[in-house]
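Accompanying notes for the structure given below.
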Amino acid sequence: MRLAFMGTPDFSVPVLAALLDAGHEISCIYSQPPRPAGRGMKEKPSPVQAFGEAHGIAVRTPASLRGAAEQAEFAALHIDAAVVVAYGLLLPRAILAAPRFGCFNVHASLLPRWRGAAPIQRAIMAGDDKSGVCIMRMEEGLDTGPVLLRSEVAISDQTTAASLHDALSALGARLMVQALVNPADPGLAQPQDGVTYARKIDKAEAKIDFSLPARPVLRHIHGLSPFPGAWLEVNGARLKVLEASLAAGSGPAGRFLDDDLTIACGDGALRLERLQREGKAPMERAAFLRGFAVPAGSEVA
């Protein structure tokens with residue numbers, strides 16, 4: 001099929017690669033404009049743009065698709081379908097209607113649960129025991145379209161946003177290739193019950209609240225790992241906590257119970273397994289403690 005691909009972050013790249021491997025023609029890639037990044041704040045292309053350019057595919061980076069000129073350019077591609085994966089721009093009606101078979105989306109949740117911007121993080125933070133991927137035929141509403149294919153992935157206490165991200169990206173790539181075998185499939189309408197919205201992650205919610213029970217605190221930490229990274233302050237330093245595990249022990253919430261990074265929660269305790277000091281690389285617990293001791297009795301600020 002002749003396709004346009006619309007995506008921006010790392011999550012999107014495996015889907016694009018799978019479409020090429022399956023023999024589809026990518027007539028054009030759409031991605032978010034380059035953003036300033038790094039110490040020099042030089043403009044850096046998105047992972048999808050970089051992949052497309054490395055493979056000799058035309059890439060467009062409009063700031064919006066609402067203008068008549070952008071919509072005419074898109075229609076002039078004469079594509080069979082558009083594949084949309086974490087693109088980051090809303091698609092107006094004219095864009096949705098232009099491809100012969102419409103626009104198909106890889107969404108990283110089991111719709112209608114977790115429509116919206118941050119389904120991976122919110123599923124972990126909410127304590128869900130599963131997530132998954134839906135291949136959806138796009139409509140103008142926010143993730144409201146009929147679902148063609150879905151597949152589940154288990155979430156455990158060891159699952160982080162990073163690990164679930166990678167699992168769902170690979171799964172989405174396989175499912176999208178499968179869905180395009182029958183692009184005329186109308187799909188199944190989403191149920192009206194069970195709709196939840198995965199609002200964008202706000203950095204203000206990253207501070208860890210140890211007054212909560214241990215498992216919700218663990219899920220909060222893992223849902224924000226690696227970005228923006230849940231954090232605490234102790235002994236005058238701000239530490240990101242990237243991984244934790246449930247541990248035995250109890251005490252006042254926010255107090256370290258031993259010299260091995262076991263910390264009391266409102267109910268139960270956690271052991272902090274992977275941490276990062278400001279300006280430093282992430283480190284496993286043993287290596288971290290060799291350079292930054294946190295004695296028993298220390299308390300978070």
Side-chain angles (χ1 to χ4, degrees), residues 109 113-114 118-132 152-168 196 198-301:
S109 82
R113 185 157 178 80
W114 302 125
I120 292 174
Q121 295 90 338
R122 295 298 175 193
I124 296 172
M125 294 167 74
D128 291 5
D129 62 3
K130 61 184 177 182
S131 180
E152 297 181 359
V153 170
I155 298 176
S156 73
D157 285 341
Q158 289 73 49
T159 302
T160 65
S163 64
L164 186 56
H165 168 285
D166 292 349
L168 297 184
T196 56
R199 59 184 173 84
K200 186 177 179 180
I201 299 295
D202 187 334
K203 287 186 179 181
E205 62 186 305
K207 185 175 182 179
I208 303 170
D209 180 0
F210 287 101
S211 70
L212 298 173
R215 179 165 273 110
V217 176
L218 179 145
R219 288 300 193 99
H220 178 84
I221 290 168
H222 285 178
L224 298 179
S225 176
F227 182 82
W231 60 271
L232 59 85
E233 288 185 359
V234 64
N235 298 341
R238 178 180 287 203
L239 310 177
K240 282 188 178 181
V241 184
L242 302 175
E243 293 180 25
S245 60
L246 298 173
S250 62
R255 177 177 294 176
F256 285 87
L257 303 176
D258 56 25
D259 297 339
D260 203 28
L261 295 180
T262 303
I263 188 168
C265 299
D267 180 18
L270 293 177
R271 180 166 289 117
L272 309 184
E273 302 287 2
R274 193 162 181 261
L275 304 95
Q276 183 177 13
R277 292 173 65 186
E278 290 184 294
K280 305 289 186 180
M283 303 180 75
E284 302 300 322
R285 173 167 45 90
F288 179 86
L289 286 171
R290 286 195 288 270
F292 190 88
V294 183
S298 300
E299 295 188 355
V300 299

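By the side-chain contact (heavy atoms from CB on, under 4.5 Å) test, Arg274 pairs with Leu242, Glu243, Pro282, Glu284, sequence neighbours left out. Under the salt bridge (Lys or Arg N to Asp or Glu O under 4.0 Å) criterion, Arg285 pairs with Asp260, Glu273, not counting sequence neighbours. Applying the side chain to side chain donor-acceptor pair (under 3.5 Å) rule to Ser225 yields no partners; only residues at least two apart in sequence or on another chain are considered. Contacts of Lys207 classified as side chain to side chain donor-acceptor pair (under 3.5 Å), with partners at least two apart in sequence or in another chain: none. Residues satisfying the side-chain contact (heavy atoms from CB on, under 4.5 Å) criterion with Pro213, sequence neighbours excluded, are Pro216, Asp267.
The OG1 atom of Thr262 lies 3.5 Å from the CZ atom of Arg271; values are rounded to the nearest 0.5 Å. Here Glu299 contributes atom CD and Asn235 contributes atom CG; the two are 10.5 Å apart, rounded to the nearest 0.5 Å.
Scanning all heavy atoms of the two residues, the minimum distance from Pro228 to Ile201 falls at CD-CG2, 3.7 Å. The two residues Pro119 and Trp114 have their closest heavy-atom pair at CB-O, 3.6 Å.
One finds a salt bridge joining Glu205 and Arg122 here, because a Lys/Arg side-chain nitrogen approaches an Asp/Glu carboxylate oxygen to under 4.0 Å.
Annotation for Arg277: atom CZ counts as buried by contact number, over 12 foreign heavy atoms lying within 6.0 Å.
Residues Leu272 and Leu232 have side chains in contact (heavy-atom distance under 4.5 Å, counting atoms from C-beta outward).
Note on residues 261-301: pairs passing ring pair (Phe, Tyr, Trp, His ring centres under 6.0 Å), not counting sequence neighbours, are Phe288-Phe292.
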